[in-house]
Chemist: 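Encoded as C-alpha cells, here's the structure I'll be asking about.
Predicted, not measured: the structure shown is a model, and the values here were computed from it.
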Amino acid sequence: MKIGVIGLGYVGLPLVVAFAEAGHDVVGVDVNARVVGSLNDGKSHIEDVPDETLAAISGRFHASPRYADLAKVDAVIVAVPTPLTANREPDLQPLIDSGTALANVLQEGQLVVLESTTYPGTTRERFGPLLEESGLAAGRDFNLAFSPERIDPGRTDYTLRTTPKIVGGLTDTCRQRAVELYSEVCDQVVEVSTPESAELTKLLENIFRSVNIALVNELAILCDRMDIDVWEVIEAAATKPYGFMSFQPGPGMGGHCLPVDPFYLAWRAREFEMQTEFVELAGEVNTRMPYFCVDRISRALNDQAKPVKGSRVAIVGVSYKPGVGDLRESPALKILRLLREGGAEVSYHDDFVPELPDFGLRSEWPEEADCVAIVTAHPGLDLQRLVQEAPLVVDFRGVTRGIEAPNLVRL
Ligand SMILES: NC(=O)c1ccc[n+]([C@@H]2O[C@H](COP(=O)([O-])OP(=O)(O)OC[C@H]3O[C@@H](n4cnc5c(N)ncnc54)[C@H](O)[C@@H]3O)[C@@H](O)[C@H]2O)c1
C-alpha cells in the first residue's frame with residue numbers, strides 16, 4: 001500500500017515507521033519545514049524513533065510539506081495536534097487546516113482516518129464536511145474513520161503493534177477498510193460501531209487516569225497534613241489482588257493528553273446541558289498540585305530557617321515525565337515560574353532538556369542549591385548523590401523511598 005501520514009509528531013512519526021517497516025511506501029506531510037527537512041536528512045526529533053530507525057526505512061519514506069503528495073496514496077492518517085485555546089476550549093484549527101488542505105487533493109476511493117484526540121462528533125460533523133468540500137461524499141466516494149492513538153512516549157513494554165487499536169467508521173465499509181489498514185501494523189484491531197464511540201473511548205481512557213491521579217493527589221495533600229506516608233499507603237493498597245489499581249501522586253499532570261483532553265469532553269457535554277463534574281474536579285485538583293509543591297518547598301526551606309526569597313532552588317527534571325524531553329504543559333515549568341515570582345534564584349537539571357530559553361536557563365547539576373526539588377526523575381538520575389550533596393531534597397515522585405536522610409522530604 002501507499003500510506004500518507006499528516007502531522008509527523010509523537011503520534012505521526014511512529015505510525016510512519018510502523019507502516020514503512022511493514023513494507024509500505026509512506027509519505028509524511030507536515031507544515032513545519034524544519035521537521036520535514038530534518039526527517040529527510042535522517043534526523044529524528046522524537047525520542048522513541050532513533051535516527052537508525054529512520055535510516056532503515058529511508059527507501060520507503062519521505063517527508064514533504066506538500067499535501068499534493070497525498071493524491072497517490074491509498075490511505076491517509078491524520079495526526080495533527082488538538083490543543084486548547086487560551087480560554088481552555090477545543091482548538092480545532094490544525095484539524096480544520098489539515099482537512100481543508102486534504103480536501104484539495106482528496107481522491108475517490110481513498111481512506112481517511114483521523115487519529116487526533118477529540119470530542120465525540122468531530123469526525124462526522126467537522127472533519128467529514130471539510131473533506132466533502134472536495135465534491136466527494138464521505139462513506140460513498142471515500143471512506144472515513146476514527147482511530148484513537150494510544151501512544152505513550154517513552155514506553156517500551158507495549159508498542160504500536162502490541163497495543164490493541166480501536167476503530168470506528170462512518171459506514172461498515174469505512175470501518176472494514178480501516179481494520180484492514182491497521183491490521184498491517186497492529187496485532188489486534190478492536191471494532192466499535194461508530195466514530196463517536198471511538199472518539200469517546202480515547203477520552204474515557206485519559207479521563208480515567210486524570211480522575212485517579214487527582215484522587216491520589218488529594219490523598220497526598222491530606223497525608224502531608226496527617227503525617228502519613230502516602231507512598232506506603234498506595235503500595236499497601238496495591239497488594240489487593242482485585243478491585244484496586246494503583247496510581248501515583250505527583251507534581252501535577254503534563255503532556256499533550258491528560259491536562260487537555262478532559263476539556264474536550266467537558267466542552268462538548270455543555271452542548272447537551274450536562275456538566276461533567278468528575279472530569280472538571282479532577283482537572284482542578286491536578287492543576288492545584290504545582291501550587292502545593294511550591295508550598296511544600298517553602299515549608300521545607302522554612303524548617304531550615306530560610307525564606308523562598310533569595311534561596312537557590314534547583315528543579316531536577318523539567319519535562320513532564322521520565323525518559324522524554326517533552327515540556328508540554330509540564331508542571332515543572334509552573335513550579336519554576338511560581339518560585340521565581342516568590343523571589344527564589346531558580347536553576348534546573350534535566351538530561352533531556354538542555355535549555356529553557358523562556359527562563360534564560362541551561363541545564364546544570366545543582367552544585368550550590370539550598371533546596372533540590374525532584375519533579376521528574378529520569379532513568380539513571382543519581383539520587384544518592386543528590387541526597388548526599390544537597391542540604392535539602394524535596395521529592396515529589398517518591399523515587400527516594402528506601403533512602404533515609406534527615407535532609408530528605410517526600411510528598
Ligand atoms: N503525544 C502523545 O503522547 C499522544 C498520545 C495519544 C494521542 N495523542 C494525540 O495525537 C494528536 C497529535 O499529537 P502529537 O503528540 O503527535 O503532536 P505533535 O505536536 O508532536 O505533532 C503534530 C505535528 O503536526 C504538525 N501539524 C500541525 N498542523 C498541521 C497541518 N495543518 N498539516 C500538517 N501538519 C500539521 C505539526 O507541525 C507537528 O509536527 C493529538 O490530538 C494528541 O492529543 C498524542
Side-chain angles (χ1 to χ4, degrees), residues 7 9-11 78-96 98-99 113-130 144-153 163-170 175 178 190-218 245 247 250 252-289 320-321 326 328-331:
Y10 283 92
V11 168
V78 182
V80 295
T82 40
L84 296 173
T85 63
N87 298 331
R88 318 275 312 149
E89 290 186 347
D91 176 4
L92 292 187
Q93 202 53 51
L95 201 114
I96 292 168
S98 66
V113 187
L114 181 60
E115 289 218 10
S116 303
T117 308
T118 185
Y119 60 79
T122 310
T123 307
R124 191 187 302 271
E125 295 167 24
R126 299 297 302 272
F127 201 58
L130 286 172
L144 181 60
F146 183 83
S147 177
E149 184 43 54
R150 282 172 155 174
I151 212 136
D152 184 9
T163 308
K165 194 96 173 84
I166 308 287
V167 165
L170 215 56
R175 188 184 67 245
V190 179
E191 300 176 42
V192 293
S193 58
T194 60
E196 289 77 13
S197 279
E199 289 160 335
L200 187 54
T201 301
K202 171 71 187 181
L203 293 180
L204 169 62
E205 290 165 14
N206 283 353
I207 290 165
F208 172 80
R209 280 186 58 73
S210 166
V211 168
N212 281 286
I213 291 169
L215 176 66
V216 286
N217 277 340
E218 191 175 69
M245 193 181 276
F247 285 83
M253 290 186 315
H256 185 298
C257 292
L258 293 196
V260 173
D261 300 351
F263 288 96
Y264 269 75
L265 188 61
W267 178 86
R268 181 63 162 169
R270 287 200 285 276
E271 253 181 83
F272 293 82
E273 293 176 24
M274 174 101 192
Q275 291 280 342
T276 47
E277 291 178 54
F278 261 107
V279 175
E280 289 178 47
L281 180 61
E284 274 172 41
V285 172
N286 291 326
T287 310
R288 273 203 300 268
M289 283 315 283
Y320 82 92
K321 70 172 185 176
D326 194 344
R328 290 180 290 185
E329 308 274 333
S330 175

Chemist: What pair of heavy atoms forms the shortest contact from Tyr264 to Pro83, and how long is it?
Modeler: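 Closest heavy-atom pair between Tyr264 and Pro83: OH-O, 2.6 Å.
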
Chemist: Hey, could you give me the CG/OG1 distance between Asn206 and Thr201, rounded to the nearest 0.5 Å?
Modeler: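 OG1 of Thr201 is found 11.5 Å from CG of Asn206.
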
Chemist: Check step by step if side chain to side chain contact (heavy atoms under 4.5 Å, CB included) holds for Lys321 and Asp326.
Modeler: CA-CA 8 Å; Lys321 70 172 185 176; Asp326 194 344; over 6 Å; no

Chemist: Does Thr85 have any side chain to side chain contact (heavy atoms under 4.5 Å, CB included) partners at least two apart in sequence or in another chain, and if so, which?
Modeler: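 By the side chain to side chain contact (heavy atoms under 4.5 Å, CB included) rule, Thr85 matches Asn87, Glu89, Asp91.
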
Chemist: Mind jotting down which residue pairs meet the salt bridge (charged side-chain N to carboxylate O under 4.0 Å, His left out) criterion with at least one end in residues 273-285? Sequence neighbours excluded, please.
Modeler: none

Chemist: Once rounded to the nearest 0.5 Å, what's the spacing between atom OH of Tyr10 and atom CZ of Arg328?
Modeler: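 Tyr10 atom OH to Arg328 atom CZ measures 5.5 Å (nearest 0.5 Å).
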
Chemist: Roughly how far, to the nearest 0.5 Å, is OG1 of Thr123 from CD of Glu115?
Modeler: 11.0 Å

Chemist: Salt bridge or not for Glu125 and Arg268, using N-O below 4.0 Å?
Modeler: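 Salt bridge present between Glu125 and Arg268.
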
Chemist: Taking all atoms of both residues into account, what is the closest heavy-atom pair of Phe127 and Ser98, and its distance?
Modeler: CE1-OG, 4.1 Å

Chemist: Quick check on side chain to side chain contact (heavy atoms under 4.5 Å, CB included): which of Thr117, Leu204, Leu84 does Asp261 satisfy it with?
Modeler: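 For Asp261, the side chain to side chain contact (heavy atoms under 4.5 Å, CB included) check succeeds only for Thr117.
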
Chemist: With rounding to the nearest 0.5 Å, note down the distance linking CZ in Arg175 to CG in Leu170.
Modeler: 11.5 Å

Chemist: I want to check something: taking the side chain as every heavy atom from C-beta on, are Leu203 and Pro120 in contact at a cut-off of under 4.5 Å?
Modeler: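 In short, these two side chains touch, coming nearer than 4.5 Å.
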
Chemist: Decide yes or no for Leu215 and Phe247: does some side-chain heavy atom of the first lie under 4.5 Å from some side-chain heavy atom of the second?
Modeler: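 When only atoms from C-beta onward are counted, Phe247 and Leu215 do not touch, as no gap falls below 4.5 Å.
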
Chemist: For Pro259 and Arg88, work out which heavy atoms get closest and say how close.
Modeler: O-NH2, 4.0 Å

Chemist: Which atom pair, heavy atoms only, marks the closest approach of Ala269 to Thr276?
Modeler: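 Closest heavy-atom pair between Ala269 and Thr276: CB-CG2, 3.6 Å.
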
Chemist: Determine, step by step, whether Glu271 and Tyr119 satisfy the side chain to side chain contact (heavy atoms under 4.5 Å, CB included) criterion, reporting the C-alpha distance in whole Å, the side-chain angles of both residues, the deciding distance to 0.1 Å, and the verdict.
Modeler: CA-CA 12 Å; Glu271 253 181 83; Tyr119 60 79; 5.7 Å; no

Chemist: If only atom types and distance count, is the side chain of Thr287 paired as donor or acceptor with the main-chain N or O of Gly283 below 3.5 Å?
Modeler: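 Answer holds: yes.
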
Chemist: I need the minimum non-hydrogen distance between Val260 and Thr82, along with the two atoms involved.
Modeler: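 Nearest pair, atom of Val260 first, then Thr82: CG1-O, 3.8 Å.
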
Chemist: Is a side-chain N or O of Arg150 found less than 3.5 angstrom from the main chain of Pro164, in a donor-acceptor match?
Modeler: yes

Chemist: Between the main-chain N or O of Gly254 and the side-chain N or O of Ser330, is there a donor-acceptor pair closer than 3.5 Å?
Modeler: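 Not a single qualifying donor-acceptor pair exists.
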
Chemist: Distance check, rounded to the nearest 0.5 Å: Leu114 atom CG versus Leu95 atom CG?
Modeler: 5.0 Å

Chemist: CG of Leu265 to CD1 of Ile207: how many Å apart, nearest 0.5 Å?
Modeler: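 Here the interatomic distance stands at 4.5 Å.
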
Chemist: Keeping the roles fixed (side chain from Lys202, backbone from Glu149), state whether a donor-acceptor pair exists under 3.5 Å.
Modeler: yes

Chemist: Go through Glu199 and Arg124 one step at a time and tell me if the salt bridge (charged side-chain N to carboxylate O under 4.0 Å, His left out) criterion holds.
Modeler: CA-CA 11 Å; Glu199 289 160 335; Arg124 191 187 302 271; over 6 Å; no

Chemist: Check Ile166 against Pro148 and note the closest heavy-atom contact, atom names and distance.
Modeler: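 That closest heavy-atom pairing would be O-CD, 3.4 Å.
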
